[in-house]
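Computed from a predicted model, the values in this text were never measured in an experiment. Read the numbers this way: they start at 1 and go in the same order the structure lists the ligands and their atoms. Numbers for residues simply follow the sequence, beginning at 1.
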Amino acid sequence: MIARVQPLTRTRAVRGPFDYRLAADQQQVTVGSLLRVPFGATRTLGVVVELAERSELDPGRLAEPEAVLGAGLGADLVALAGWMAREYCSTPARALSLMLAPGAAGGTTARLALVAEATAAGRAALGDGTALTDRQRELLGSLGRDGPTVAAQLGTGSLRRLESRGLVAIDRRAVARRPVLHGIGAAAVHAPALTADQAGALQRLRAALGRAAGGNAAEGWAAENAVEGFLLHGVTGSGKTEVYLGAVEATLAAGRTAIVLVPEIALTPQVLGRFIARFGDVVAVIHSGLGVGERHDEWMRLRSGQARVCVGPRSAIFAPLDEIGLIVIDEEHESSYKHEGDPRYDARSVARQRALQHGAVLVVGSATPRPETVVAMTRLALPERVDRRPLPVVEVLDMRERHQPLHPVTRMALADLRRAGGKAIILLNRRGWSNFLSCRACGRVWLCPNCEVALVLHRHGRFVACHHCGHRERVPDRCPACASVSVARHGAGTERVEHELREALGEEGFPIFRLDADAATLAARARILQRFEAAPAGVLVGTQMVAKGHDFPDVALGVVLDADQTLRFPDFRAEERTFALITQLAGRTGRGALGSRVLVQTLAPDARAIGFAVRHDSDGFIADELTHRRALRYPPYASLIRVVCSAEDEALARETATAIHAALQPLDAAVLGPAPLFRLRGRSRSQIVVKAGDRRPAIDAVGRAVDAIAPAAARRGASVSVDVDPQ
Ligand code: ADP
Ligand code: ZN
Ligand code: ZN
């Protein structure tokens, strides 16, 4: 047999597959097997993408794989990798690399341990008068109750003595490293009685699950008919998660498996907790907060069929499951579903493709769905909160002519809240102390030497930092250009707001917490959230992280500072982001007894997105946004493809972009650029944007142009990255 192997290299230039002759003892190899193969003068890992009877090459010249490694992929994932390579102008090797068992490339394997199990004689010994010490009775009792157990947990010595009497069997087995899950409160095990809206939505999903044929995933493309996709459009607190749980239950009952994507497990462990409480051990979780061994073993539990529901972030869309019946994407508007490395895949699009392969039903949920989702999917609405509490009143505070970060109304509301002993969340999408520094004498602005952006003051650490590349300098005491000692600080970030709140309000019973990327690890962020949750009263200040899906019951006040900041980005999603941010924060408030209020501070009180958010008018916003997008030919009415060329030398970056532009010329789509972008990490950048009505031919044309230009450009030091459907 011949195995066609895709070597897992990063280089674009190497395009497999390459043929290898399987040795006599390698005949178990299938499509998806992971091999170590000789490759030129070295060796590399590769994935089998096809088997064949014979090769076009002389069989005598074909090499044999050196080894077949443990955990391979299913044929469906190999097909999916091929689709991703085409869809995102990448390579199959790069897509396959994302799908391997965690740590597989680095040699992570199962952990072996001595496992003890009671024999038939051992089970009988408790009742038949066999002479046993109390300790031995206890051990046999525990093995009878809990089943096979890692010997070291009970005491290997004592177990060995029972083994010598034939009462216990001990052998070495693979033992899964199971993640310890922190911060998961006790969640209800049983489903509550559903509201009429929830029951209606679930009914529709059950019907679709009944229709979903179940494709032949191994063949690549199963159902000819499109995926059945549903948008669960429900205000925050409307009980969407309960509907997902019901749909997963129905899927498992039908003998199929499910994937549930969530934006960020470490920050929102409650959702995962509810899945585990409801379904127990069949739930596997894979996320970056786990060690590689744990991730490997959870992956293996899925691959072996022990676990049949995978809950995880973006990458969980590659969970090694067979017979997938349902894919759920919670908070589908979250930008974390987009992967920012090659291939720049969007887990929401990959989910649709995987659902197509498996004949699975796709369900996405959000209070603020993306306009493209509303157009593409069948909408199921949950218009009310489960507890019938009204949504909070949202007030706009005009910040024009104001020079303090907090509006007087905000200050008053916070003071009132402290007196009442409540909680508030304040969102400001900018960390640090001041936005930028300038010299009062000559006007010099402190910029990053690598990135052409202003350095942000972090007063606590006494440094200024670039938020793009991490460059840091000491806080300047004089201007290097004119030697003036008068340096002005402009704008406010989370650090300054935290400081001002502490000065004005902070006291024993009213702590101020700050949550932003200064807390570097997910664990550190989760701890801040836990402390805020545990505190009886206080304020949480932070960047957009504070508006993610966590669910504190007693937040009575939400404040958005500089709400139009997201509107100032030159981006067609600016309105969408602003609307979502305000609406999501409003969703975090008002689930408790102190009532609820949301204050939106802005320099643009009349902005469209803010107006719709104030009225909680999601439908109105989407309709209006779609009208604009249609007029300007933005998604979903066109597909965007962004090509960024970068090089240390500005001229080279521009030349490369110009060459790609020229190679695209006959394309029946608008091609914008080349346009310069700000320098990033010491590299100049130049970008082209393709706006295409006809998606497939445009992607193919970009792929061809990049393949034609990029290799020569790379030799001169320029790199090219392609982003299909940029965020
Ligand atoms: P969403 O995901 O839409 O924000 P959740 O599913 O988290 O909403 O539900 C919000 C809260 O209401 C949760 O605490 C959940 O346990 C509870 N809940 C959901 N559905 C019901 C129901 N039918 N009856 C009672 N409580 C419910
Ligand atoms: Zn100066
Ligand atoms: Zn920088």
*Asks:* Could you grab the angle centred on the Zn ion (ligand 3), going from SG in C451 to SG in C469, to 10°?
*Replies:*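 An angle of 110° at the metal.
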*Asks:* I'd like to know if the Zn ion (ligand 3) has an N/O/S atom from H471 within less than 2.8 Å of it, counting both backbone and side-chain atoms.
*Replies:*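 No N, O or S atom of H471 is closer than 2.8 Å to the Zn ion (ligand 3), so no.
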*Asks:* If you apply the rule side-chain contact (heavy atoms from CB on, under 4.5 Å), what do you find for R444 with C482, and how did you get there?
*Replies:* CA-CA 9 Å; R444 178 186 191 274; C482 73; over 6 Å; no
*Asks:* Quick check on E650: does its CD atom have over 12 non-hydrogen neighbours (other residues, nucleotides or ligands) under 6.0 Å away?
*Replies:*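 No, because the 6.0 Å sphere around CD of E650 holds 12 heavy atoms or fewer from other groups.
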*Asks:* Give a yes or no on whether the ring-centroid distance for F579 and F621 is below 6.0 angstrom.
*Replies:*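 Ring-ring flag for F579/F621: true, centres closer than 6.0 Å.
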*Asks:* If you measure from each heavy atom of R274 to ligand 1, is any distance below 4.0 Å?
*Replies:*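 Right, R274 reaches ligand 1.
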*Asks:* Given the rule in the salt bridge (Lys or Arg N to Asp or Glu O under 4.0 Å) test, do D346 and R348 qualify, once you have shown the distances and angles that lead to the verdict?
*Replies:* CA-CA 5 Å; D346 189 319; R348 294 161 291 203; 2.9 Å; yes
*Asks:* Is the closest heavy-atom distance from G234 to ligand 1 below 4.0 Å?
*Replies:*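 Checking ligand 1 against G234, which is what was asked, there is no heavy-atom contact under 4.0 Å.
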*Asks:* Once rounded to 10°, what is the value of the angle centred on the Zn ion (ligand 2) between C439 SG and C442 SG?
*Replies:*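 The angle at the Zn ion (ligand 2) comes to 110°, rounded to the nearest 10°.
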*Asks:* For ligand 1, which atoms, with element, lie under 4.0 Å from some heavy atom of E242?
*Replies:*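 Near E242, meaning under 4.0 Å from one of its heavy atoms, ligand 1 has 6 (O), 20 (N).
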*Asks:* At less than 2.8 Å, would any N/O/S atom of H468, backbone or side chain, sit next to the Zn ion (ligand 3)?
*Replies:*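 No - counting backbone and side chain alike, H468 has no N, O or S atom under 2.8 Å.
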*Asks:* State plainly whether the residues R597 and E395 are in salt-bridge range, i.e. N to O under 4.0 Å.
*Replies:*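 Between E395 and R597 there is a salt bridge, with a charged N closer than 4.0 Å to a carboxylate O.
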*Asks:* Is it true that the NZ or CZ of R278 lies under 6.0 Å from the centre of F275's six-membered ring and within 45 degrees of the ring axis?
*Replies:*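 No, R278 does not lie over the aromatic ring of F275.
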*Asks:* Answer yes or no: does an N/O atom from T241 fall short of 3.5 Å to an N/O atom of ligand 1?
*Replies:*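 Yes: some nitrogen or oxygen of T241 is under 3.5 Å from one in ligand 1.
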*Asks:* Salt bridge check, E372 against R573: does any charged N sit closer than 4.0 Å to a carboxylate O?
*Replies:*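 Yes.
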*Asks:* Just to be sure I'm reading this right: ignoring hydrogens, which of V386, V235, L194 gets closest to atom 12 (O) of ligand 1? Compare them by their nearest heavy atoms.
*Replies:*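 Among V386, V235, L194, the closest heavy atom to atom 12 (O) of ligand 1 comes from V386.
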*Asks:* Out of S238, G237, G246, who is nearest to atom 4 (O) of ligand 1 when you count heavy atoms only?
*Replies:*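 The option holding the nearest heavy atom is G237.
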*Asks:* Are the side chain of K338 and the backbone of A347 linked by a donor-acceptor contact shorter than 3.5 Å?
*Replies:*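 No; zero donor-acceptor contacts below 3.5 Å.
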*Asks:* Atoms of ligand 1 less than 4.0 Å from A193 heavy atoms?
*Replies:*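 Contacts of ligand 1 toward A193, numbered from 1: 22 (C), 23 (N), 24 (N).
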